[in-house]
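Since the structure comes first, as structure tokens, the remarks are kept for the end.
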Amino acid sequence: MTRIIYATMVAIIIIQVLVIHFLPVSVYHDPFRVLVQAEQLAHGNLSWHGSLYFLRFPNNVSLTVLMAFWLKLTSLVHLSTYWGIHLLSMILLDAFIFAMLRSVRRLSHQNDVVLLAALFFLISPFAYTYYLQVFYSDLPSMVSLAIVFNVLIGWQSFKRPKKILTGIGLVLSVILAEVVKPNLIVLLVAVLLVAIWLFFKDRAQLNAVKMPFILIVLGFILAIPTSAGLKTVSHYKVNNDYAFPATHWVWMSYDPHGKGGYEFRDVKKLSAIPGKQAKQKYLDKALPKRLSKLGPVRIGERWIEKAGILLDVSTIQKAYTGGFVAPPKAYQKVEIPLAALGMVVMRVGFILLYSETLLRCVRLWRKRYAVRNDDPQLMLTILTALGYIAFHTLLWETESRYGQVMIPLLGILCSIPSLALPDERRTTRRTKTEGVATATILVLALAIFAIAPHGHLATKGDHVAGQESQLSLQFDAKETRIQPGSTLTQQVKLNHPSRKFKVSLAPGVKFRGILVNEQTHHRYTLVRTKKAFKLKRKLPMGKYQIELTNNQSRTQSILLTKTLSYRLAPYPLVINQIQHPYWSFVYTFSR
């Protein structure tokens with residue numbers, strides 16, 4: 001089993017390196033804004049005024065500063081931002097996978113369970129898509145929770161030196177989790193509830209976990225000055241003219257026209273109100289009014305809808321990505337069926353995980369009255385998971401990626417009966433009946449997805465090539481001033497025929513747009529729309545050149561994406577014969 005686990009990890013790492021090299025994606029929205037700001041800080045520019053994003057939403061400041069420290073470190077060995085940030089993703093992601101496999105093996109004592117978990121990580125998109133291609137707060141949070149609960153489970157078996165080392169790691173993990181993702185405060189609430197329960201019901205059990213509980217509380221206390229310190233060293237200052245109150249996340253989640261997630265129209269409405277205090281006064285009236293408009297029935301429906309989104313994993317592959325930059329020809333032939341298969345594997349895997357967790361929790365709840373033993377690790381794991389679900393279902397806005405933070409909790413709950421109930425430890429091999437039942441469940445789950453409506457398997461598989469990373473005009477992204485008569489060009493290689501092309505522009509500017517086929521030298525005139533130049537016609541494979549010219553007698557602004565050492569596209573942007581390797585148009589070729 002040890003050899004199989006190590007072989008699995010080696011195979012995963014090899015595939016990850018190939019994905020990073022051959023299949024870079026366009027990172028967009030919040031992770032890209034964090035990445036650009038972190039790169040800027042790493043190069044010594046401590047300005048936070050590149051866009052309004054961090055002034056409106058300061059929750060990602062700590063993550064940005066920590067990323068900047070890492071990029072400074074990787075620059076010492078001359079790694080570009082692209083490889084530096086993906087190296088960090090690989091380290092955390094593979095450490096998480098290895099820790100989960102080790103935990104499942106240590107707790108369950110069942111090789112078939114470990115093999116199933118290893119197979120899921122190897123063949124599912126989990127290790128090769130979002131968590132590898134986009135670095136954001138979800139991955140550090142999962143790693144931190146995995147460390148916290150692994151330390152809790154093994155604490156009693158540790159010798160004094162190991163307790164000291166793991167205790168330090170426990171505190172640091174809690175600090176990291178809280179400064180990166182403040183909504184993990186639910187862990188602190190769960191610790192306090194379990195401690196109060198054990199104080200009155202079983203003080204012997206409380207004494208057994210007293211020290212790790214104290215260390216967890218200490219971690220949350222230290223997270224407050226740590227977050228403040230990170231803001232201070234990076235010269236970040238809160239600006240209440242732009243900052244949004246925390247209540248706006250709750251208000252957005254109950255938008256009658258939304259689905260419980262981020263709603264741009266709500267952000268736009270609130271941003272028109274000057275000052276944080278005025279925004280809060282507006283929300284004090286608007287939130288009760290919105291809840292009253294929904295009514296009890298629709299609020300209940302919204303909770304169900306939000307819970308469904310939270311536990312859905314079918315879209316996690318494409319989270320925060322605008323598609324591949326320039327996928328190879330061979331990959332594009334299998335991209336759509338491969339993406340659909342990956343979606344099925346993820347959904348089936350997590351349905352089995354959720355089902356097994358629920359069944360074990362129900363069984364443990366029934367057993368606890370017979371054994372009269374409240375295991376604190378079990379109680380804390382279950383309460384944290386339930387608290388996290390309740391937080392995003394009843395209170396906060398919801399996205400499917402939020403539910404992924406519970407993976408370490410669910411993985412532990414699916415393996416923990418051997419820890420909680422010694423009489424349930426498996427000492428014999430699985431019977432033939434149990435094997436047939438398990439196989440039947442797997443076949444039925446796959447059959448359900450095979451006959452499911454096409455909408456359940458919808459994938460963003462129409463992407464041929466593109467670069468969609470940008471800081472967004474909604475956050476007043478800085479536009480680039482282009483002198484009269486200047487020409488901007490950028491090469492693009494199509495490894496699959498395309499039927500649609502789009503290159504974004506700032507509203508109101510007047511440029512001449514042409515797409516040139518470099519093999520045939522045919523020039524296609526682009527059609528101007530409100531926010532972009534577009535072209536609808538069949539474009540064969542080959543090299544093309546996007547060409548925009550300021551043919552006006554005045555200087556105009558244009559929407560470009562710029563980084564310092566993060567390569568956005570395979571070919572540089574050229575302005576008046578001067579190459580800018582880390583600049584790019586925002587463009588898309590699709591089928």
Side-chain angles (χ1 to χ4, degrees), residues 100 103 107 138 141-142 144-153 173-174 177-178 181-202 205-206 209 212-213 216-217 219-220 249-250 253 260-261 299-313 350-369 371 373-417 419-421:
M100 290 305 300
S103 298
L107 294 173
D138 302 305
S141 301
M142 287 197 304
S144 297
L145 281 180
I147 292 172
V148 168
F149 282 90
N150 272 280
V151 170
L152 276 170
I153 290 167
S173 296
V174 173
E178 181 60 15
K181 208 174 186 72
N183 58 7
L184 290 180
I185 193 71
V186 294
L187 173 60
L188 176 61
V189 177
V191 166
L192 296 177
L193 290 175
V194 172
I196 293 170
W197 175 268
L198 293 176
F199 180 80
F200 291 104
K201 294 291 185 179
D202 194 338
Q205 287 278 26
L206 178 59
V209 294
F213 275 21
I216 290 174
V217 174
F220 278 103
W249 297 106
V250 184
S253 72
I299 288 176
E301 291 174 348
R302 177 58 54 86
W303 290 348
I304 296 172
E305 188 175 31
K306 290 170 71 178
I309 293 171
L310 185 68
L311 300 177
D312 182 22
V313 296
F350 274 88
I351 283 177
L352 293 176
L353 179 64
Y354 295 150
S355 302
E356 180 71 9
T357 303
L358 181 60
L359 290 173
R360 286 176 183 257
C361 287
V362 170
R363 187 169 73 247
L364 287 168
W365 181 258
R366 294 172 61 185
K367 289 269 188 177
R368 72 183 285 274
Y369 293 105
V371 298
N373 178 26
D374 294 322
D375 185 279
Q377 292 97 334
L378 261 179
M379 292 175 64
L380 183 64
T381 308
I382 294 171
L383 274 178
T384 304
L386 290 176
Y388 191 82
I389 293 172
F391 180 80
H392 283 288
T393 299
L394 309 180
L395 190 65
W396 220 246
E397 55 96 21
T398 303
E399 290 184 31
S400 60
R401 63 183 181 84
Y402 292 166
Q404 299 282 287
V405 175
M406 294 189 299
I407 292 175
L409 307 179
L410 301 181
I412 289 170
L413 287 173
C414 280
S415 309
I416 212 169
L419 174 69
L421 301 172

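Just so it is clear, the structure is predicted and the values come from calculations on it, not from any experiment.
Across all non-hydrogen atoms, the minimal contact from Leu198 to Gln205 is CD2-CB, 4.1 Å. Nearest approach of Ser144 to Ala177, heavy atoms of both residues: CB-CB, 3.6 Å. When all heavy atoms are compared, the tightest approach of Gly219 to Val174 is C-CG1, 3.6 Å.
Distance check, rounded to the nearest 0.5 Å: CG of Leu380 to CG of Leu187 gives 6.0 Å. For the atom pair OG (Ser400) and CG (Leu310), the distance works out to 8.5 Å, reported to the nearest 0.5 Å. Distance check: Asp138 CG to Arg401 CZ gives 4.5 Å after rounding to the nearest 0.5 Å. Summarising the geometry, atom CD belonging to Glu399 is positioned 12.0 Å from atom CD belonging to Gln404; distances are rounded to the nearest 0.5 Å. Remark: Met406 CE to Thr381 OG1 distance equals 13.0 Å, nearest 0.5 Å. Considering CG of Leu413 and CZ of Phe149, their distance stands at 8.5 Å, rounded to 0.5 Å.
Evaluated for a side-chain contact (heavy atoms from CB on, under 4.5 Å) with Pro376, the options Val209, Asp202, Leu206 yield exactly one hit, Val209.
Between Phe350 and Ile407, some side-chain heavy-atom pair lies under the 4.5 Å cut-off. Side-chain contact between Phe391 and Ile185 is absent, with no heavy atoms from C-beta onward closer than 4.5 Å. Residues Tyr388 and Thr384 are not in side-chain contact: their nearest non-hydrogen atoms beyond the backbone lie 4.5 Å or more apart. In this structure the side chain of Ser253 never reaches within 4.5 angstrom of the side chain of Leu395, judged on heavy atoms.
For Glu301, there are no salt bridge (Lys or Arg N to Asp or Glu O under 4.0 Å) partners at least two apart in sequence or on another chain. Applying the side-chain contact (heavy atoms from CB on, under 4.5 Å) test to Leu193 and every residue at least two apart in sequence or in another chain returns Val189, Leu383.
Listed by first and then second residue, the side-chain hydrogen bond (donor to acceptor under 3.5 Å, both in side chains) pairs involving residues 182-195 are Asn183-His392 (not counting sequence neighbours).
No donor-acceptor pair closer than 3.5 Å links the side chain of Arg302 to the backbone N or O of Thr393. Distance alone, capped at 3.5 Å, is enough to place a donor-acceptor pair between the Lys306 side chain and the Trp396 backbone.
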Chi angles and distances behind the side chain to side chain contact (heavy atoms under 4.5 Å, CB included) call for Val405, Leu184:
CA-CA 9 Å; Val405 175; Leu184 290 180; 3.9 Å; yes

Output, in order, the C-alpha distance, side-chain angles, deciding distance and verdict of side chain to side chain donor-acceptor pair (under 3.5 Å) for Asn150 and Ser103.
CA-CA 7 Å; Asn150 272 280; Ser103 298; 2.3 Å; yes

Steps toward side chain to side chain contact (heavy atoms under 4.5 Å, CB included) verdict (Leu152, Phe213):
CA-CA 9 Å; Leu152 276 170; Phe213 275 21; 4.0 Å; yes

